[in-house]
Amino acid sequence: MRNGSSVQVRLPSELGFEKVAMSTAASMASLMGFTEDRIEDLKTAVAEACINAIEHGNQMNSGLTVGVVLSTSEDRLEVKVIDDGAGVRAAPHAPDIDRKMHGDEDPRGMGMFLIQALVDEAEWYKGPPGKSFVRLVIRLDKENE
Amino acid sequence: MRNGSSVQVRLPSELGFEKVAMSTAASMASLMGFTEDRIEDLKTAVAEACINAIEHGNQMNSGLTVGVVLSTSEDRLEVKVIDDGAGVRAAPHAPDIDRKMHGDEDPRGMGMFLIQALVDEAEWYKGPPGKSFVRLVIRLDKENE
Amino acid sequence: MQTATRVTQRTATAASGNTVSILAFGGDISSASKDAVLGAYHGLNEAASHVLLDFTGVDYINSSGIAIVIQMLLEAGKAGTQAIGIFGLSAHFQKVFTMVGINKYAAMHKDEATALAAV
Amino acid sequence: MQTATRVTQRTATAASGNTVSILAFGGDISSASKDAVLGAYHGLNEAASHVLLDFTGVDYINSSGIAIVIQMLLEAGKAGTQAIGIFGLSAHFQKVFTMVGINKYAAMHKDEATALAAV
Ligand SMILES: Nc1ncnc2c1ncn2[C@@H]1O[C@H](COP(=O)(O)OP(=O)(O)O)[C@@H](O)[C@H]1O
Ligand SMILES: Nc1ncnc2c1ncn2[C@@H]1O[C@H](COP(=O)(O)OP(=O)(O)O)[C@@H](O)[C@H]1O
């Protein structure tokens with residue numbers, strides 16, 4: 001595989017299509033030699049990023065698409081999930097299960113936390129419209145940690 | 001799923017990336033409710049179409065990409081595989097195994113035949129550069145034939 | 001493009017002799033699953049004091065689906081009388097459920113046999 | 001991005017008492033597999049009169065890979081002394097191999113036991 005090869009995907013802003021991005025990402029990661037465990041982590045992170053792009057970024061507007069750019073290099077797979085919204089600046093916060101169980105915290109609000117917990121790098125970028133994205137990285141050398 | 005939802009993929013002109021297109025197409029077909037058998041047929045057809053686009057259409061030129069556009073409607077999944085070559089006009093011909101076994105026919109040359117044999121519709125379009133493509137269709141109502 | 005959630009209900013007898021209500025999920029557990037999942041839970045006999053959630057047949061779960069499971073646990077906690085257990089999650093989703101803390105409020109088991117032995 | 005082809009060679013005894021050379025493939029069978037596949041075939045003892053190709057461990061086959069299998073069958077046909085059988089293909093690839101006519105020149109079996117019973 002050439003260093004820097006990249007695959008681009010455009011998805012409709014419709015819930016369910018995150019599963020297409022999961023399959024595409026899993027297939028790239030499998031070709032790169034990632035283990036099944038890491039591929040499962042990546043799939044969940046990519047799904048959550050796409051769901052956020054569809055729901056929050058593009059607000060389910062069927063005229064907008066979600067971009068997914070998967071770039072390989074020798075030791076890492078980078079995935080950018082791009083939407084047309086204003087982006088997020090707030091850092092993900094860990095869910096507080098006790099507060100959720102007492103109704104003091106929305107039962108939702110776990111997506112960004114899971115993304116950050118499951119991949120090696122996760123960064124959210126606020127951009128001009130059509131340029132907000134989250135950038136995820138999984139590294140081959142982190143396989144055995 | 002909305003009628004007419006479509007997913008677009010761009011692949012590098014590098015052999016092996018046809019597997020990413022296979023996964024993406026399989027995932028779309030699975031969401032649409034196609035059986036495992038039909039999904040296997042589609043995967044092989046999409047792989048052969050991408051290999052031809054990479055090898056013959058784009059001649060492995062790393063500056064060119066292969067486009068894959070997957071469009072859903074109620075009863076069918078259409079896949080276009082687009083390259084930057086001049087396209088093919090010749091119809092696929094069935095391999096003659098006897099001639100192949102006697103060295104009278106190239107052992108290769110089975111891709112277009114398999115594509116046509118495995119999907120419900122296959123058509124090759126010669127276009128201006130960047131606009132040649134093969135268009136494949138699998139139909140849900142053909143499941144039980 | 002979201003896939004339907006399937007829920008079937010059955011009962012089983014635990015090693016302890018207790019009767020256990022099992023809600024077996026299938027398909028997707030996502031934001032579209034709220035009515036299916038909570039509806040099935042509300043349909044359980046109120047006397048059911050032991051409930052097991054069977055995820056064996058689930059193809060896909062996302063964080064909105066996990067939020068619905070948390071909401072069910074919250075309701076069970078309010079009722080105060082129900083012990084809820086979980087089984088049939090892949091190793092990956094056992095990890096994810098643990099990351100968000102669900103294991104504090106629902107015992108997680110590998111499979112049905114282990115779950116029934118523990119009730 | 002192409003995945004390596006793995007080939008291992010072993011021998012087994014058929015129901016008939018004949019010794020059979022088995023070439024077991026793994027990974028991908030694609031245009032990049034020519035040396036691995038034909039090299040392994042050329043490495044077989046020339047006295048091997050029964051050869052089985054085991055595709056059980058193969059993840060991916062495309063038409064260029066199938067062309068390499070045809071080339072092997074062509075060489076075996078020229079030698080004139082070898083019977084080649086195939087097993088371990090998925091139902092889909094059994095269909096594909098039949099579509100291109102390979103079944104005319106190599107018997108196709110479901111698994112190793114069936115193949116060894118037929119030699
Ligand atoms: N791509 C995005 N564009 C705009 N806002 C976002 C995006 N992703 C997340 N957010 C914001 O961050 C919040 C937390 O997201 P998340 O942790 O995934 O939980 P949830 O989506 O369940 O609310 C969202 O409710 C939303 O306000
Ligand atoms: N996308 C394409 N662009 C240009 N030529 C093509 C394309 N696809 C197929 N061809 C031509 O048709 C021929 C037959 O293709 P195919 O049946 O797939 O067999 P193979 O690729 O093994 O030669 C190719 O050798 C090539 O000349």
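Just so we're on the same page: letters track the sequence lines, and every chain starts at 1. Keep in mind the model is a prediction, meaning the values are calculated, not measured.
Only the side chain of A:A47 comes within less than 4.5 Å of a heavy atom in chain C; its backbone stays farther off. Proximity to chain C is absent for every atom of A:E36, based on heavy atoms less than 4.5 angstrom apart. With a 4.5 angstrom heavy-atom cutoff, C:I66 touches chain A via backbone and side-chain atoms both.
A:G103 and C:L74 get closest at one heavy-atom pair: N-CD1, 3.9 Å. When all heavy atoms of A:P107 and C:A67 are compared, the pair lying nearest together is O-CB, 3.4 Å.
Within a 6.0 Å radius of NZ in A:K126, other residues, nucleotides and ligands contribute more than 12 heavy atoms. The number of heavy-atom neighbours closer than 6.0 Å to CG of C:D35, taken from other residues, nucleotides and ligands shown, is 12 or below. The neighbour count for A:H93 NE2, taken as heavy atoms of other residues, nucleotides or ligands under 6.0 Å away, is above 12.
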Acceptor/donor pairs from residues 77-88 of chain A side chains to any protein atom, 3.5 angstrom cut, sequence neighbours excluded:
residue, atom, partner, partner atom, Å
A:E78, OE2, A:R135, NE, 3.0
A:D83, OD1, A:G85, N, 2.8
A:D84, OD1, A:G130, N, 3.2

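The structure places NE2 of C:H92 at 11.5 Å from CD1 of A:I39, a figure rounded to the nearest 0.5 Å. Of the inter-residue distances, the one linking A:M112 atom CE with C:S63 atom OG reads 11.5 Å to the nearest 0.5 angstrom. Atoms CG and NZ, on A:D37 and C:K95 in that order, are 6.0 Å from each other to the nearest 0.5 Å. Considering CD1 of A:I97 and CE of C:M99, their distance stands at 14.5 Å, rounded to 0.5 Å. Taking CE of A:M101 as the reference point, atom CD1 of C:I102 lies at 9.5 Å (rounded to 0.5 Å).
In terms of heavy-atom pairs under 4.5 Å with chain C, the best-connected choice from A:D96, A:L118, A:D98 is A:D98. Note: A:T44 leads A:D106, A:T44, A:V20 in heavy-atom pairs under 4.5 Å with chain C.
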Quiz prompt | Trace of the side-chain contact (heavy atoms from CB on, under 4.5 Å) decision for C:S30 with A:L15 | solution = CA-CA 9 Å; C:S30 67; A:L15 287 175; over 6 Å; no
Quiz prompt | side-chain contact (heavy atoms from CB on, under 4.5 Å) between A:K100 and C:L73, worked out | solution = CA-CA 10 Å; A:K100 285 190 197 295; C:L73 295 178; over 6 Å; no
Practice problem: Give the C-alpha distance, both sets of side-chain angles, the deciding distance and a yes or no for side-chain contact (heavy atoms from CB on, under 4.5 Å) between C:I70 and A:M110. | Solution: CA-CA 11 Å; C:I70 292 176; A:M110 298 176 290; 3.8 Å; yes
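Here the side chains of A:E40 and C:S90 are not in contact, with every heavy-atom distance at 4.5 Å or above.
Of the charged side-chain nitrogens involved, at least one lies within less than 4.0 Å of a carboxylate oxygen, so that A:K19 and C:D28 count as a salt-bridged pair.
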